[in-house]
Amino acid sequence: MTEKRIPELLVEPNKFCPGCGHGIINRVLAEVLEEMDLAEQAVGSLAVGCACLMMDTFGTDWIQAPHGRAAAVAVGVKRVRPECCVFTYQGDGDSMSIGFSETMYAAIRNENITAILVNNGIFGMTGGQMAPTSLPGQRTTTSPKGRDAELTGQPLNMINQMKQLPIGYLARGSVASAKDINKLKQYIRSAIETQMNGGGYSMVEVLSPCPTNWKMNMESSLAHIENTVKSVFPVGEFVKNGERTDA
C-alpha cells in the first residue's frame, strides 16, 4: 500500500471552516507543485477573503494584494521574475466582483500566469452575501428570499467570458467527489505546465462547498454541487494548448 504523506508545503493545519473546500484545493495545489519540483520557485498572489487564510499555512512565497487585485500583482511578479511559477488564489467574490477587471485583463493580455478561482457562490468571510456566482433563487444574507435574476442578472460564468480569448488553458473542476478531485489535480497540473512552457494565461475555476454559509452539512453541500451547481457551471477543459475544446 502506498503511504499517503502530507505535502511539505502544508506547514500548518489549515484555518478554514469544517467542510470547506479550500483545504482540499490547497492540498491538491501543494501536491502538484511538489511533484513538478516547483515548490522553491512558486510565488502566490492573493488578496482578501477566506482564500487569504492559506498564506499562514501554505509554505511558499506570498504577496498579498489589495482586495481584488491579485492578478495585477501576479502579472508584475511574473514580468520581472519570468523563471518563477506565479499563481493567484482567490475566491469568486474577490476575483469576479471586486477584481473582475484585473482578472479579465490579465486574460485579455494573455499574461503568462496561472489563476485559481474558487467558486462557492457567496462572499464567505464577510458572512455569506450574494456573489456574482450566486445561483438564481439562492438564499444569501443579502438575498434572503433568493437571488432574483431579473433584478440582479444571471450568475457570472467566467469560463464563457474567457474561452473566446487567445489564452493557453481554461478548465473548471470541483471537489464534490474523489473522482472530481483527481480530475482537478490534472487540471491544475495542466494549467501550471502551460505557464512554465510559456503557453500564456491559464485558469482553473473550482466549484467548492461552503457548508457554513449555505446552511448545509457536508454531505448535502457536495450533493448540491453535483446536482445543482454543475448544471449552471459545467466542469471540464474548455481551452487546451491554446485551442478551444468541445467541452
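For clarity, every value in this text was computed on a predicted model and none was experimentally measured.
In Arg109, the CZ atom is crowded: over 12 heavy atoms of neighbouring residues, nucleotides or ligands sit closer than 6.0 Å. The 12-atom threshold is not exceeded at CD1 of Ile6, counting heavy atoms of other residues, nucleotides or ligands nearer than 6.0 Å. At most 12 non-hydrogen atoms from other residues, nucleotides or ligands lie less than 6.0 angstrom from CG of Asp37.
Expressed to the nearest 0.5 Å, how far OG of Ser101 lies from CD1 of Ile108 amounts to 8.0 Å. Between atom CZ of residue Arg147 and atom OG of residue Ser143 there is a gap of 8.0 Å, rounded to the nearest 0.5 Å. Considering CD1 of Ile122 and CH2 of Trp214, their distance stands at 8.0 Å, rounded to 0.5 Å. One finds the OG1 atom of Thr60 at 8.0 Å from the CD atom of Glu40 (value rounded to the nearest 0.5 Å). Atom CD1 of Ile167 sits about 12.5 Å away from atom CD of Glu111, to the nearest 0.5 Å. Between the CZ atom of Arg172 and the CG atom of Asn119 there is a distance of 7.0 Å, given to the nearest 0.5 Å.
Between the side chain of Ser174 and the backbone N or O of Val206, no donor-acceptor pair lies under 3.5 Å. A donor-acceptor pair is defined here as one N or O able to donate and one able to accept, closer than 3.5 Å; no such pair exists between the side chain of Thr142 and the backbone of Gln129. Using modelled atom types, one side-chain atom of Asn110 and one backbone atom of Pro166 make a donor-acceptor pair closer than 3.5 Å. Under a 3.5 Å cut-off, the side chain of Thr57 and the backbone N or O of Asn14 do not form any donor-acceptor pair. Looking at Asn112, its side chain never comes within 3.5 Å of a backbone N or O of Tyr201 through a donor-acceptor pair. Of the possible polar contacts, none joining the Asn241 side chain to the Glu243 backbone as a donor-acceptor pair under 3.5 Å is found. For the pair Gln41 (side chain) and Glu83 (backbone), a donor-acceptor distance under 3.5 Å is present. Put simply, the side chain of Thr141 gets close to the backbone of Gly128: a donor and an acceptor are under 3.5 Å apart. A donor-acceptor distance shorter than 3.5 angstrom exists from the side chain of Gln64 to the backbone of Ala47, with no hydrogens or angles considered.
No side-chain heavy atom of Val77 sits under 4.5 Å from any side-chain heavy atom of Ser45. Proximity of Thr152 to Met130: side-chain heavy atoms (C-beta onward) are separated by under 4.5 Å at one or more points. Using a 4.5 Å heavy-atom threshold, the side chains of Leu135 and Phe233 count as touching. At a threshold of 4.5 Å between non-hydrogen side-chain atoms, the residues Pro136 and Pro155 count as touching. A heavy-atom distance below 4.5 Å is found between the side chains of Ser208 and Ile25. Lys215 has its side chain out of reach of Arg139: every pair of non-hydrogen atoms, C-beta onward, lies at least 4.5 Å apart. When side chains are defined from C-beta on, Glu34 counts as touching Arg5, because their heavy atoms get closer than 4.5 Å. Inter-residue side-chain proximity for Gln90 and Glu102 is flagged as unmet; no heavy-atom pair is nearer than 4.5 Å.
Hydrophobic clustering (side-chain heavy atoms under 4.5 Å, transitive across Ile, Leu, Val, Met, Phe, Trp, Tyr) groups Met36 together with Leu9. Linking ILVMFWY side-chain heavy atoms closer than 4.5 Å, directly or via other members, places Met203 and Met54 in two distinct hydrophobic clusters. The hydrophobic cluster containing Met125 also contains Val118, counting ILVMFWY residues as joined when their side-chain heavy atoms lie under 4.5 angstrom apart, directly or transitively. There is a path of hydrophobic side-chain contacts, each under 4.5 Å, that joins Leu170 to Leu117. Under the 4.5 Å side-chain heavy-atom criterion for ILVMFWY residues, no single connected hydrophobic cluster contains both Val229 and Ile24.
Of all the heavy atoms in Ala71 and Ile113, the pair that sits closest is O-CD1, 4.2 Å. For the pair Ala42 and Phe87, the tightest heavy-atom approach, listed with the atom from each and the gap, is CB-CE2, 4.2 Å. What you find for Phe16 and Leu53 is that their closest heavy atoms are CE2-CB, 3.8 Å. Of all heavy-atom pairs between Ile181 and Val28, the closest is CG2-CG2, 3.9 Å. Among all heavy-atom pairs drawn from Ser202 and Ala191, the shortest one is OG-O, 2.9 Å. Closest of all the heavy-atom pairs between Ala74 and Val86 is O-CG1, 3.5 Å.
For the side-chain contact (heavy atoms from CB on, under 4.5 Å) with Asp92, the qualifying choice from Leu156, Thr133, Leu207 is Thr133, the only one to do so.
Taking the charged nitrogens against the carboxylate oxygens, Lys185 and Glu31 do have a contact shorter than 4.0 Å, which makes a salt bridge. Looking at Asp180 and Lys230, a side-chain N of the basic residue comes within less than 4.0 Å of a carboxylate O on the acidic one, giving a salt bridge.
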Pair Leu10, Phe58 - check side chain to side chain contact (heavy atoms under 4.5 Å, CB included), show working.
CA-CA 5 Å; Leu10 301 181; Phe58 197 103; 3.7 Å; yes
Where do Val204 and Tyr169 land on the side chain to side chain contact (heavy atoms under 4.5 Å, CB included) test, with the steps shown first?
CA-CA 8 Å; Val204 180; Tyr169 185 81; 4.2 Å; yes
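The aromatic rings of His22 and Tyr89 are tilted relative to each other, their planes meeting at an angle between 30° and 60°.
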